[in-house]
There are 2 protein chains.
Amino acid sequence: MKDLKTLLENSELKITPQRLAILKELEKKGHASIEEVYENIKEIFPSISLATIYKNINALKEAGIICEVCSPYKNKYEINKGEHGHFICAKCGDIEDFELTDDMIKSIEDKYPNTKKDIYIYGICKKCKQD
Amino acid sequence: MKDLKTLLENSELKITPQRLAILKELEKKGHASIEEVYENIKEIFPSISLATIYKNINALKEAGIICEVCSPYKNKYEINKGEHGHFICAKCGDIEDFELTDDMIKSIEDKYPNTKKDIYIYGICKKCKQD
DNA sequence: TTCTGTGCAAATCTTTTGCATGGCA
DNA sequence: TGCCATGCAAAAGATTTGCACAGAA
């Protein structure tokens, strides 16, 4: 809770209950789409508008507090937490974070030096493989 | 040209000039968005409808002939050509293909065995870095 | 000839914008 | 108090659908 406030304090953005609620939701879920954020926040915060979610997601993205994770299914958002890998299920859209191993970083550094190593691997997750 | 026809012949989809034009465009550009495909095909094929592009892109995707490359900028499509890496510029949306090195494949295989190794790295391309 | 594909227009999402009001600093 | 943020409604964009006609097999 305190953490999320700090994120906003260190930015140009004002602290509002709506923004805290969005960040809280992303923290809880790890990754969530606009629609998911909206649906969940509406329960606690019935007056919130979808336009507010859009505006804030964009503002938070702009400010570097959150980032977008693209998938063929639906784009999601996560709180920025440095380099890591994403495994994205191409079927259900679920996203799983993973630590980059030294080997991965090295093999990619060879090819693309001085790049932020955000890596995305698309595949079918265990759950979807069973179906 | 012969190749593209064969792709359709081996699928459930009928061969039409529109579909061939879409595939030809993707082959030429490597990667293109719906809008780009539409704008370019319209020059040779003025009567084509945007809805036809959408329907066909979806049908071709469904048939596994093309695949979608997601980016924060704009989604693009490419002819399916087996495992490879994509370097995606998070600023201009340009996509550059690269061969996966054995090291890359190995380090990812360790983490996600038996997955198609389509890897996406987001960064800023040389062109955009200069600005 | 049959059945799928095309093109148009309308319908449906999705996302953005403008503006009056409310609320943080 | 001064401004930025919110919420509403409308606008703008993106994508899908329905249907009559055209064209591939």
Side-chain angles (χ1 to χ4, degrees), chain A residues 1-2 4-25 32-63 65-77 93, chain B residues 1-2 4-25 32-63 65-77 93:
Chain A
M1 199 54 206
K2 177 65 164 45
L4 302 178
K5 234 178 206 163
T6 312
L7 286 177
L8 292 171
E9 265 161 12
N10 295 338
S11 76
E12 304 279 84
L13 302 173
K14 289 195 173 166
I15 299 172
T16 68
Q18 289 87 339
R19 284 178 182 157
L20 286 174
I22 291 172
L23 291 175
K24 208 171 162 188
E25 187 60 29
S33 67
I34 297 268
E35 213 55 38
E36 282 165 0
V37 168
Y38 179 54
E39 290 305 325
N40 284 304
I41 290 183
K42 227 171 36 178
E43 312 241 313
I44 321 153
F45 220 121
S47 72
I48 203 166
S49 153
L50 185 52
T52 300
I53 308 282
Y54 273 104
K55 285 175 193 165
N56 281 326
I57 288 282
N58 285 334
L60 291 166
K61 198 168 57 167
E62 200 77 21
I65 295 173
I66 66 173
C67 65
E68 197 171 12
V69 180
C70 301
S71 96
Y73 183 71
K74 206 160 219 189
N75 289 358
K76 300 199 168 186
Y77 300 86
Chain B
M1 198 57 204
K2 177 70 165 40
L4 302 178
K5 233 177 206 167
T6 312
L7 287 176
L8 292 171
E9 266 161 9
N10 295 337
S11 76
E12 304 280 83
L13 302 174
K14 290 195 172 165
I15 300 171
T16 68
Q18 290 87 341
R19 283 178 184 157
L20 286 173
I22 292 172
L23 291 175
K24 208 169 160 188
E25 186 60 30
S33 67
I34 297 269
E35 213 55 37
E36 282 164 0
V37 169
Y38 179 55
E39 291 306 326
N40 285 303
I41 291 183
K42 227 173 32 180
E43 313 239 314
I44 322 153
F45 220 122
S47 72
I48 203 167
S49 153
L50 185 53
T52 299
I53 309 283
Y54 274 105
K55 283 176 193 166
N56 280 326
I57 288 283
N58 286 333
L60 292 165
K61 199 168 57 168
E62 200 76 21
I65 295 174
I66 65 173
C67 66
E68 197 171 13
V69 181
C70 301
S71 95
Y73 182 71
K74 206 160 220 189
N75 289 358
K76 300 199 168 186
Y77 300 87

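Just so you know, these numbers use all the heavy atoms, side chains as well, and skip hydrogens, waters and symmetry mates. The model shown is predicted, which means the values in this text are computed figures rather than measured ones.
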Protein-nucleotide distance ([X], atom [atom1]; [N], atom [atom2]), rounded to Å:
| X | N | atom1 | atom2 | result |
| --- | --- | --- | --- | --- |
| B/Ile41 | C/dT6 | CD1 | C1' | 13 Å |
| A/Glu12 | D/dA5 | CD | C1' | 15 Å |
| A/Ile15 | C/dC24 | CD1 | C1' | 9 Å |
| B/Asn75 | C/dT15 | CG | P | 11 Å |
| A/Lys76 | C/dT14 | NZ | C1' | 17 Å |
| A/Glu62 | D/dC4 | CD | P | 16 Å |
| B/Tyr38 | D/dT16 | OH | P | 16 Å |
| A/Lys74 | C/dC13 | NZ | P | 11 Å |

Within residues 52-61 of chain A, the residues having a heavy atom closer than 4.0 Å to DNA chain C are A/Tyr54, A/Lys55, A/Asn58
Of A/Glu35 and A/Ala51, the one whose closest nucleotide on DNA chain C sits nearer the 5' end is A/Glu35
Here's a test of your reading of the structure: between B/Leu50 and B/Lys14, which maps to the more 5' nucleotide of DNA chain D?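 The residue whose closest nucleotide sits nearer the 5' end is B/Leu50.
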Enter the distance from [X]:[atom1] to [Y]:[atom2] here, rounded to the nearest 0.5 Å.
| X | Y | atom1 | atom2 | answer |
| --- | --- | --- | --- | --- |
| B/Thr52 | B/Arg19 | OG1 | CZ | 9.5 Å |
| A/Glu36 | A/Lys76 | CD | NZ | 4.5 Å |
| A/Glu9 | A/Ile15 | CD | CD1 | 4.0 Å |

### Query
Just wondering, are more than 12 heavy atoms of other shown residues or ligands nearer than 6.0 Å to CD in B/Glu39?
yes
**Message:** Check this for me: B/Glu35, atom CD, are more than 12 non-hydrogen atoms of other residues, nucleotides or ligands nearer than 6.0 Å?
**Reply:**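 Yes, the 6.0 Å shell around CD holds more than 12 heavy atoms from other groups.
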Which of B/Leu50, B/Asn56, B/Ile57 passes side-chain contact (heavy atoms from CB on, under 4.5 Å) with B/Tyr54? Answer is B/Leu50
Residues in side-chain hydrogen bond (donor to acceptor under 3.5 Å, both in side chains) with A/Glu68, at least two apart?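 With sequence neighbours excluded, A/Glu68 shows a side-chain hydrogen bond (donor to acceptor under 3.5 Å, both in side chains) to A/Lys61, A/Asn75, A/Tyr77, given in chain and number order.
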Identify whether any heavy atom of B/Gln18 sits under 4.0 Å from a base atom; if not, whether one sits that close to sugar-phosphate; answer base, sugar-phosphate or nothing.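 The residue B/Gln18 makes sugar-phosphate contact but no base contact.
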Q) Base, sugar-phosphate, or nothing: which does A/Ile34 touch, judged by heavy atoms less than 4.0 Å apart? A)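 Nothing, no nucleic acid heavy atom in range.
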Measuring to OP1 and OP2 of D/dG7, would you say a side-chain N or O of A/Ser47 lies under 4.0 angstrom away? yes
Query raised in the report: For A/Thr16 and D/dC4, is the shortest distance between a side-chain N/O and OP1 or OP2 below 4.0 Å?
Result: no
